[in-house]
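Please read the structure below before turning to the comments.
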Amino acid sequence: MATEGTAVGLSTVYRAPASLAAAGLTDAVRDDAGERFFRYRPQSHHRHYLVCRGCGHSQEIDSEQVEAWAARIAEESGFTDVHHTVEPAGACPSCTTHR
Ligand SMILES: [Zn+2]
Ligand SMILES: [Zn+2]
């Protein structure tokens with residue numbers, strides 16, 4: 001029983017990272033010895049974009065504080081599986097210039 005469990009565990013370990021990486025949930029990183037391994041990236045670690053209402057241009061923005069805030073309110077409220085949508089919109093520099 002213990003031996004079978006180990007075998008299943010190992011094959012799961014080798015299969016899981018590839019599928020997780022395909023799903024975009026892990027980063028492939030290398031340690032000092034050059035060994036590739038996978039670091040789990042929580043699904044909540046997504047990206048936020050600043051969107052231009054004029055031309056639709058979008059650019060990725062630093063959302064570290066938003067993520068920290070979202071994690072904190074989830075923790076404080078006791079809610080789980082908390083998602084959020086933050087999409088600031090405005091006029092990009094180009095649209096502002098040509099207005
Ligand atoms: Zn624009
Ligand atoms: Zn976010």
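These figures come from a predicted structure and were not determined experimentally.
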Please enumerate all residues that pass side-chain hydrogen bond (donor to acceptor under 3.5 Å, both in side chains) together with Asp62, with sequence neighbours excluded. none
Enumerate the residue pairs fulfilling salt bridge (charged side-chain N to carboxylate O under 4.0 Å, His left out) with a member in residues 68-81, sequence neighbours excluded, ordered by first and then second residue. Arg72-Glu76
Ignoring hydrogens, what is the shortest heavy-atom contact between Pro88 and Tyr49? Give both atom names and the distance. CD-O, 3.4 Å
List for me each residue that meets side-chain contact (heavy atoms from CB on, under 4.5 Å) alongside Ile73, sequence neighbours excluded, and say none if there are none. Trp69
Take atom CD of Gln65 as the centre, draw a 6.0 Å sphere, and report whether it contains more than 12 heavy atoms from other residues, nucleotides or ligands. no
Heavy-atom closest pair (Ser77 atom, Ala74 atom, distance to 0.1 Å) is OG-O, 3.2 Å
Going through the distances and angles, do Cys55 and Cys92 end up as a side-chain contact (heavy atoms from CB on, under 4.5 Å)? CA-CA 8 Å; Cys55 66; Cys92 74; 3.9 Å; yes
Kindly give the cluster partners of Ile61, where membership spreads through any ILVMFWY side chain lying under 4.5 Å from a current member. Leu50
Results of side-chain contact (heavy atoms from CB on, under 4.5 Å) for Glu87 - residues two or more places apart only: Val51
Where His48 and Val66 come nearest, the two heavy atoms and their spacing: NE2-CG1, 4.1 Å
How far does CZ of Arg47 sit from CD of Glu67, to the nearest 0.5 angstrom? 10.5 Å
Listed by chain and number, what are the salt bridge (charged side-chain N to carboxylate O under 4.0 Å, His left out) partners of Glu64, not counting sequence neighbours? none
